[in-house]
Amino acid sequence: MNIKLEKKPILQINSDLLVLGVLDTKTQKCETFKAIDNATDKTISKYVFLQEQFKPKFLSTYTLPTLGKIKTPKILLIGLGEEKELSADKVRQAAIETAKKIKSYKNVATAAICFPLPEKAEEYVQAITEGIIIGDYNFDKYKSEKSKNILKNVIIASKSTSKSIQESITKGEIFAKYTNFARNLSNEPAQYATPTKLAQLAKAIPNITTEIFDKTECKKMGMGAFLAVGQGSDQPPKFIHMSYKPTKKAVKKLAIIGKGITFDSGGYDIKPPSSMLNMKDDMSGAAAVLGIMSAISELKPDVEVHGIIAACENMLNGSSYKPGDILTAKNGKTIEVDNTDAEGRLTLADALCYAEELKVDEIIDIATLTGACMVALGHFASGIMGNDEKLIDDIQTASNKAGEAFWKLPIWDAHMDSLKSDIADMKNTGSRYAGASVAGAFLKNFVSNTKWAHLDVAGTAFLDTAYKGFPKGATGIGVRTLLEYITR
Ligand code: BES
Ligand code: MN
Ligand code: ZN
């Protein structure tokens, strides 16, 4: 899809569809609205508005033919809601809805989008770009009948075509393209997205250096927690380290770790069928990290970024780790396995130790870690916690811009107390209540003095019902927030 800006008056733009964003105001002040309304014999104001066929409530839509009165054969009206409540996030959602609507039409290869843009339009233009690409997404790889994505060109009507607005289109394209990349990867079944596959994908990213460590090398590095989780699977574990270094001196060094359990059966503490069903998504953190590293290879920020994934499958066979086993993590701490289904934190423990040895300024991990987080926040928000308030605040600020909600949860000593073991340094599970914080407390044992934030995306990575324009399935959560955080 090609997305570009156009300064020409809207009525001079050639397109198959004119998308008009309409604010919920008593009188339509917008010049473009008036121009289009006048050119179509006031069809919109007379027939549509007055007859109340369409009210510009947020995300309501109405399609009308223009019967040869203007160049464009069809107009799509999309409600943007109250003017004072308009935001980049709302504009992104309206663009998602627009792209979905366009899929239902037959002959729309070129759409011209006319939304009310503020003087400084960069953020809104980025949001429109992202929304169109995210809304146009289908996961139909395994369908015999593919949906035809007919939308080829998108023209965004804009008073300015300055370099900075052009750049916001490029930024939006990259943010959305790799959101969709992460969605694809988490939507893929576990038979496809194996640890080996994740390693191959990491290797294929241009402009970054990738090292893959297999079982023997991980053993030498002392990754006893990570290796235990993967030892019951026929799929070999892969520890993936991608690094991007800017050509200029880096303003800071960052490590992002993605949970990469390519299938979580629960192990011997096996999950019931309904809970196991979507466990191909347990590598959504890894998918986000792969997407982010790919995006970074194009965006080339002045930040050194290490992308880390400890990828394996949590399965059952005669070699699987068992409840009661005692594992030694890379930093020498011992862990009594209380529950083989609390595997993500074990893999993250070694990944956190590895990241800290890179002497980075900040570590951020993103993981589908706990059902408890999903119970607390649902698919409405991801959990965020860590050891540094400013880092957490800054990620939250970035997430607000990206339109992804992150809500702060505590990590207290009391949470850690519940992980006490009689025979090892800690158990891998503690109090069932506040389970997201308890998992966070466990992870904290593997970060000694680096700023660290933990993102629990168990409820937001994979939807079982549509939400905010995203259909059922993978959302690519975290890609846009962390890209915003890294490139801000
Ligand atoms: N992958 C799951 C968490 C999860 C649950 C992700 C639902 C997405 C949706 C994780 O490995 C897990 O099984 N966690 C256990 C921990 C428990 C045994 C302490 C859980 O949340 O039940
Ligand atoms: Mn599990
Ligand atoms: Zn898991």
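This structure is a prediction, so every number in the text was calculated from the model and none was measured.
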Can any side-chain N or O of [X] pair as donor or acceptor with the backbone N or O of [Y] at less than 3.5 Å?
| X | Y | value |
| --- | --- | --- |
| N314 | T340 | yes |
| N187 | A474 | yes |
| S319 | G232 | no |
| N387 | K451 | no |
| S418 | S431 | yes |
| S60 | K55 | yes |
| S186 | M283 | no |
| S437 | I411 | no |
| R480 | G172 | no |

Does a donor on one side chain sit under 3.5 Å from an acceptor on the other, for [X] and [Y]?
| X | Y | answer |
| --- | --- | --- |
| T334 | D425 | yes |
| K103 | N138 | yes |
| N207 | S297 | no |
| T481 | E404 | yes |
| S168 | Q126 | no |
| N428 | D338 | no |

Between [atom1] of [X] and [atom2] of [Y], what distance do you get to the nearest 0.5 Å?
| X | Y | atom1 | atom2 | result |
| --- | --- | --- | --- | --- |
| Q191 | T262 | CD | OG1 | 11.5 Å |
| E83 | L23 | CD | CG | 5.0 Å |
| I113 | I156 | CD1 | CD1 | 6.0 Å |
| I363 | L254 | CD1 | CG | 9.0 Å |
| L455 | I477 | CG | CD1 | 9.0 Å |

* Could you please spell out the steps behind the side chain to side chain contact (heavy atoms under 4.5 Å, CB included) verdict for I335 and F442? => CA-CA 10 Å; I335 307 157; F442 177 87; 3.8 Å; yes

Above 12 or not: heavy atoms from other molecules or residues under 6.0 Å from [atom1] of [X]?
| X | atom1 | value |
| --- | --- | --- |
| E85 | CD | yes |
| R488 | CZ | yes |
| Y433 | OH | no |
| K322 | NZ | yes |
| N317 | CG | yes |
| K333 | NZ | yes |

* Asked: Can you pull the salt bridge (Lys or Arg N to Asp or Glu O under 4.0 Å) pairs that have at least one residue in residues 133-147, sequence neighbours excluded?
  -> K141-E188

Any side-chain heavy-atom pair from [X] and [Y] closer than 4.5 angstrom?
| X | Y | value |
| --- | --- | --- |
| F380 | Y467 | yes |
| V438 | T429 | no |
| L59 | Q93 | yes |
| M1 | I132 | yes |
| R183 | I134 | yes |

Non-neighbouring partners of [X] that pass ring-ring contact (aromatic ring centres under 6.0 Å, His included), sequence neighbours left out:
| X | value |
| --- | --- |
| F406 | none |
| W412 | H415 |
| F175 | none |

Quick one: side-chain contact (heavy atoms from CB on, under 4.5 Å) partners of [X], sequence neighbours excluded?
| X | value |
| --- | --- |
| N400 | none |
| E123 | A88, K401 |
| S294 | Y178, I205 |
| N184 | Y137, F139 |

Can [X] and [Y] be counted as an ion pair, charged N to O under 4.0 angstrom?
| X | Y | result |
| --- | --- | --- |
| E173 | K171 | no |
| K390 | D393 | no |
| K468 | D89 | yes |

* Asked: What's the shortest heavy-atom distance between G469 and I96, and which atoms?
  ->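 So the minimum-distance heavy-atom pair works out to O-CG2, 3.6 Å.
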
* Which side chain to side chain donor-acceptor pair (under 3.5 Å) pairs, counting each pair once, include a residue from residues 354-383, with sequence neighbours left out? -> H241-Y354, K252-E362, D282-T368, K330-E357, E356-S448, E356-T450, E362-Y485, D365-W452, D365-H454, T370-D456, S382-T460

* Structure fact -> Residues passing the salt bridge (Lys or Arg N to Asp or Glu O under 4.0 Å) test with K245, sequence neighbours excluded, are none

* Mind checking what makes salt bridge (Lys or Arg N to Asp or Glu O under 4.0 Å) contact with K408, not counting sequence neighbours? ->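 Partners of K408 under the salt bridge (Lys or Arg N to Asp or Glu O under 4.0 Å) test: E389.
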
* Check against side chain to side chain contact (heavy atoms under 4.5 Å, CB included), I296 and I208 -> CA-CA 9 Å; I296 280 174; I208 66 164; 5.5 Å; no

Listed pairs under 3.5 Å, donor-acceptor, residues 212-225 side chains, sequence neighbours left out:
residue	atom	partner	partner atom	Å
D214	OD1	T216	N	3.4
D214	OD1	E217	N	3.4
E217	OE1	D214	N	2.9

* To do: Could you please spell out the steps behind the side chain to side chain contact (heavy atoms under 4.5 Å, CB included) verdict for L290 and F181?
  => CA-CA 9 Å; L290 285 167; F181 166 92; 3.8 Å; yes

* Centroid separation Y321 to Y268 less than 6.0 Å ->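 No, the ring centres sit 6.0 Å or more apart.
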
* Take I261 and E313 through the side chain to side chain contact (heavy atoms under 4.5 Å, CB included) test and state the conclusion after the steps. => CA-CA 5 Å; I261 300 295; E313 260 187 352; 6.0 Å; no

* To do: Assess whether salt bridge (charged side-chain N to carboxylate O under 4.0 Å, His left out) is satisfied between K300 and E298, documenting all intermediate values.
  => CA-CA 6 Å; K300 302 190 171 61; E298 293 183 33; over 6 Å; no

